[in-house]
Asker: 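Can you keep this structure in mind? I'll have questions shortly.
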Amino acid sequence: MSERPPISPRSPRAALEPEQLPPPPKRSDRARNPFVIVGNAIFTILIILMIGAGATYYYGKQALESPGPLQEDKIVNIPARAGKRDIADVLSREGVINVNPWVFIGGVFALKASSDLKPGEYSFQKNASLRDVIATIVDGKVVQHAITIPEGLTSEQIVTRLSDNDIFTGSVREIPREGTLLPETYKFPRGTTRDQVIQRLQQAQKRVLAEIWERRNTDTPLKSPDQLVTLASIVEKETGRADERSRVAAVFVNRLRQRMKLQSDPTIIYGLVGGKGTLGRPIKRSEITQPSPYNTYVIDGLPPGPIANPGRASLEATANPARTRDLFFVADGTGGHAFTETYDQHAKNVAKLRASEKQIQNDTVEPADDPAPAAAAPGADTNPTATTPKPTNQKKPPRGRQGAAQQTNSPPVVQR
């Protein structure tokens, strides 16, 4: 039988005092290990980072995918050498994005596009998200501006048009040679230099001319691509109607074959004003016989070069003219021309046209350097812009021109 410890009586005061608690257990040596402490800290940090990363991912995804503030499509120009912060400021100012610039920069890094942002003029779609905005700039698909170069302009006139267009930069160092630019509709991004535009027009002309020259009718008296361009430029200035080009070309080709002077008014004008293109008044009688390398009333055959930049259609028509024996044409009063093989038929067409004009309006007074003749024979053409006199083997026509290309009013047949 075990012995009980003796009961020690305590005083009332001692009985009221709390008993002393036992000391806490000592931490194990493993818990005090520094590797454990560092591991716990790292684990805690990782948990915090994972939570932060998840929150950042969620917020970033929302920022990238949420519809943007644009209420309609908008074109914005990103300047050259702009940094990411500059781009963010431009987009924010233009209302394309409505996020903090640093969010835009973070989106660029997240999409791995830091080195792929390209300057230029971009079209951003309505409600484009931040992802769409960045992708548009990365793709570099800048806005293309359509520029139309009309047929029949001289090189100087084309350069003037380019100089007046503010989407281009720089200046043209020298006026291109006449006939070396292809009139057509082109597309260029803003900021293209004017010299680059000229080079593209020249390359297009070389390519098209080579193709057409290969398909030409070899029976024509044209000996080189340059001669083709020269005659095509005359055809271009004589008519603007597509259905007449090949027939107008045939008239001049037939005249070349028969060694007749071409006698085309636009060549006189080019000899007078050169690359300026337009005379601004009727041709004077004295200018018809004024010596000039381009005056086809004076010289034989083709002028020394083109008088304008012909379009593809005129080049095609000149390379493959209509199979006719026409030697003359005159305006028919409806915007077209009447074509004839003989001078007598041509004179009748002129007289018919004159009679029709007199029913509509008074005759236009022609500026002249000398007094007009007292009277003209019936059917005489007193219009200053007519062309091509009657061949010498026929009866001499009265004063005034009855020609291959003849118009009834003051401006030339085609004057652009």
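These numbers come from the heavy atoms of this one structure, side chains and all, not from hydrogens, waters or symmetry mates.
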Asker: Please check if the number of heavy atoms outside Lys74 that lie under 6.0 Å from its NZ is greater than 12.
Answerer: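 Enclosed: over 12 neighbouring heavy atoms sit under 6.0 Å from NZ of Lys74.
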
Asker: Assess whether atom NZ of Lys118 is packed by more than 12 heavy atoms of other residues, nucleotides or ligands within 6.0 Å.
Answerer: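 Above 12, so yes.
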
Asker: What I'd like to find out is whether the side chain of Thr239 reaches to under 4.5 Å of the side chain of Arg245, using heavy atoms alone.
Answerer: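 A side-chain contact exists here, since the closest heavy-atom pair is under 4.5 Å.
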
Asker: So which of Val90, Ile97, Leu91 actually passes side-chain contact (heavy atoms from CB on, under 4.5 Å) with Arg93?
Answerer: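 Testing Arg93 for a side-chain contact (heavy atoms from CB on, under 4.5 Å) against Val90, Ile97, Leu91 leaves exactly one candidate, Val90.
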
Asker: Regarding Thr193 and Gln196, is there a side-chain donor-to-acceptor distance under 3.5 Å anywhere?
Answerer: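 Yes - a donor-acceptor pair under 3.5 Å links their side chains.
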
Asker: Check whether the side chains of Glu151 and Asn309 place a donor and an acceptor atom closer than 3.5 Å, and report yes or no.
Answerer: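 Glu151 vs Asn309: no donor-acceptor pair found between side chains.
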
Asker: Write down the atom of Thr148, the atom of Pro150, and the distance for their closest heavy-atom approach.
Answerer: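 The answer is O-CD, 3.5 Å.
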
Asker: Between Asp89 and Arg85, is there a salt bridge with N-O shorter than 4.0 Å?
Answerer: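 Looking at Asp89 together with Arg85, the answer is yes, because their closest N to O distance falls below 4.0 Å.
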
Asker: Is the side chain of Asn295 donor-acceptor paired with the backbone N or O of Thr267 at a distance under 3.5 Å, no angle test?
Answerer: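 Here the side-chain-to-backbone pair does not exist.
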
Asker: Arg255 side chain to Lys261 main-chain N or O, any donor-acceptor pair under 3.5 Å?
Answerer: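 Yes: the side chain of Arg255 pairs with the backbone of Lys261.
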
Asker: Is it true that Asp195 and Arg173 make a salt bridge, defined as a side-chain N closer than 4.0 Å to a carboxylate O?
Answerer: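 So Asp195 pairs with Arg173 through a salt bridge.
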
Asker: Applying side-chain hydrogen bond (donor to acceptor under 3.5 Å, both in side chains) as the test, list every pair that has at least one member in residues 213-232; sequence neighbours left out.
Answerer: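 Listed by first then second residue: Arg215-Glu316.
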
Asker: Just by modelled atom types, is the Ser264 backbone N or O under 3.5 Å from a matching donor or acceptor in the Thr296 side chain?
Answerer: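 Yes; at least one donor-acceptor contact below 3.5 Å.
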
Asker: Using a 3.5 Å distance criterion without hydrogens, assess whether the side chain of Glu184 forms a donor-acceptor pair with backbone atoms of Ile149.
Answerer: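 Absent.
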
Asker: Check whether any side-chain heavy atom of Leu272 lies under 4.5 Å from a side-chain heavy atom of Tyr294, and answer yes or no.
Answerer: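 They are not in contact (no side-chain heavy atoms under 4.5 Å apart), so the answer is no.
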
Asker: Quick one: does NZ or CZ of Arg200 land under 6.0 Å from the six-membered ring centre of Phe188, within 45 degrees of the ring axis?
Answerer: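 Yes, a cation-pi geometry.
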
Asker: Would the number of heavy atoms belonging to other residues, nucleotides or ligands and lying under 6.0 Å from CZ of Arg257 be above 12?
Answerer: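 Atom CZ in Arg257 is packed in, count exceeds 12.
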
